Amino acid sequence: MATSTKAAAPAKKNQGFGGIKAAWIILVICCIIAYCFYFFVLGNPDNFVGGDRNGHPANLMGTVYKGGFVVGVILTLLLTVIVLGVERYFAIKSASGKINLAKFTSQVKELIKAQKFDDAKALCNKMQGSVANVVMSSISMYETVEKDETLKKSQKISKIQQAHEEATQLEMPTLTMNLPMIATIVSLGTLTALFGTVLGMIGSFQALSAGGGADSMALSAGISEALVNTASGILTSWVATVVYNFFSNKIDKLTYALDEVGYTIAATYDSNHHEA
């Protein structure tokens, strides 16, 4: 009696760090830390002439404090990007496996072409991570359809490809998780900077409209608020852009490796079997 493809035992899944799913918790914690830093570190009386927060800043930290509450928002975004960047680093590193990706891809392709599937599975178990999980699923389906006499060759190849695609889709959320939040912060950093700049300019124009030398402090505070928010917001967007593109490139390399191995598995079956 032919063996059904549905009866195949699931491939061993190599577990690792899958990332932090509740990213909003990171945002809340970063917000608390950012505003504590804003009020207690930047707002330390020692950073102002005469110890008066409403007076002139005595150093750079005091100047940044003069940027207003928007500085806390921008610091929250910056800290969130940094924390998510570290989180993505470990998640993608775990997904990439314990062996160099290029080396693993080359070795597993050679083993598959030689139909040494036990050796290929052993290599996958040694590799671990998302790439190994997908390859294991594809190899398991290869072995399953090979025993199924009810399917045509084209159907078997299709099932191998389908198993590969389904396994890839199961692994992709682990790779791309939290990247949309980083991409959002790329825009939010610039927009928040613009918002803070406008608030600072409004304060400056109010000081100018009042006239007189007594309002020079208000004019200075407004300009400081505008420039500090502009600079910090641009810095946040710059960091977010670098982090997002860096990890997007890492994911693209993993996806390319998966596609390469998947094609090799299907092509190997096609070349080693003839239509009945």
Side-chain angles (χ1 to χ4, degrees), residues 8 10-21 23 81 83-114 117 119-145 156-187 239-271:
K12 179 181 177 182
K13 188 175 180 65
N14 298 305
Q15 300 293 341
F17 178 67
I20 300 174
K21 295 182 180 180
V81 168
V83 174
L84 289 180
V86 174
E87 180 265 351
R88 283 294 84 200
Y89 171 79
F90 285 107
I92 294 178
K93 182 180 179 181
S94 177
S96 299
K98 298 182 177 181
I99 304 175
N100 178 271
L101 184 60
K103 181 179 179 181
F104 169 79
T105 303
S106 176
Q107 289 180 347
V108 80
K109 283 171 62 179
E110 292 301 320
L111 291 172
I112 290 170
K113 289 178 181 178
F117 297 116
D119 291 341
K121 287 182 178 180
L123 183 62
C124 288
N125 287 328
K126 183 179 179 181
M127 171 70 166
Q128 299 187 5
S130 295
V131 176
N133 290 336
V134 174
V135 175
M136 284 280 282
S137 297
S138 301
I139 292 175
S140 295
M141 181 57 70
Y142 185 113
E143 294 178 324
T144 300
V145 298
K156 292 180 179 181
I157 293 175
S158 177
K159 281 191 172 293
I160 293 172
Q161 293 172 334
Q162 182 180 357
H164 178 84
E165 292 172 1
E166 289 177 353
T168 300
Q169 290 302 315
L170 287 174
E171 297 294 336
M172 285 304 294
T174 300
L175 300 176
T176 59
M177 185 169 56
N178 295 334
L179 279 183
M181 178 176 286
I182 296 176
T184 302
I185 293 176
V186 171
S187 299
V239 173
T241 301
V242 171
V243 170
Y244 180 81
N245 288 332
F246 176 79
F247 290 115
S248 293
N249 184 54
K250 287 279 188 182
I251 293 171
D252 288 341
K253 288 182 179 179
L254 286 173
T255 303
Y256 176 78
L258 289 173
D259 291 342
E260 190 176 359
V261 176
Y263 173 81
T264 299
I265 295 173
T268 298
Y269 189 93
D270 186 29
S271 62

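Because the structure is a prediction, the values reported are computed rather than measured.
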Can you tell me how far CG of L123 sits from CD of Q128, rounded to the nearest 0.5 angstrom? 11.5 Å
If you look at every heavy atom in L175 and I251, which pair is closest and at what distance? O-CD1, 3.2 Å
Here the gap from I160 atom CD1 to E143 atom CD, rounded to the nearest 0.5 Å, amounts to 10.5 Å
Judged by atom type as modelled, is there a donor-acceptor pair below 3.5 Å linking the side chain of S94 to the main-chain atoms of F90? no
To the closest 0.5 Å, what do you measure between CD (E171) and CG (L254)? 10.5 Å
Mind checking the CG-CD spacing from L258 to E165? Nearest 0.5 Å is all I need. 11.5 Å
Would a 4.5 Å heavy-atom cut-off, applied to side chains only, mark K159 and T144 as touching? no
Does a side chain donor of either E166 or Q162 reach within less than 3.5 Å of an acceptor in the other side chain? yes
Closest approach of M181 to L84 (non-hydrogen atoms, all atoms of both residues): SD-CD1, 3.5 Å
Answer whether the closest heavy-atom distance between the side chains of F104 and C124 falls below 4.5 Å. yes
List the atom of I182, the atom of R88, and the distance in Å for their closest heavy-atom pair. CD1-CG, 4.4 Å
Enumerate the salt bridge (charged side-chain N to carboxylate O under 4.0 Å, His left out) contacts for residues 125-134, please, sequence neighbours excluded, ordered by first and then second residue. none
Spatial distance of atom CG (N133) from atom CE (M127) [nearest 0.5 Å]: 10.0 Å
Main-chain N/O of A102 paired to S106 side chain as donor or acceptor, under 3.5 Å: no
Report yes or no: does N178 contribute a side-chain atom to a donor-acceptor pair with the main-chain N or O of I20 at less than 3.5 Å? yes
If I compare all heavy atoms of A183 with all of Y244, which pair ends up nearest, and what's the gap? CB-CE1, 3.6 Å
Quick one: do K109 and I265 satisfy side-chain contact (heavy atoms from CB on, under 4.5 Å)? Show the steps, please. CA-CA 8 Å; K109 283 171 62 179; I265 295 173; over 6 Å; no
N249 (side chain) donor-acceptor with N245 (main chain) under 3.5 angstrom: no
Test side-chain contact (heavy atoms from CB on, under 4.5 Å) applied to I112 and V261, step by step: CA-CA 9 Å; I112 290 170; V261 176; 4.1 Å; yes
Tightest non-hydrogen contact, residues L179 and S248, listed as CD1-OG, 4.4 Å
Taking atom CZ of F247 as the centre, report whether more than 12 heavy atoms of other residues, nucleotides or ligands fall under 6.0 Å from it. yes
If I compare all heavy atoms of A163 with all of S137, which pair ends up nearest, and what's the gap? CB-O, 4.4 Å
How long is the gap from NZ on K93 to NZ on K98, to the nearest 0.5 Å? 11.0 Å
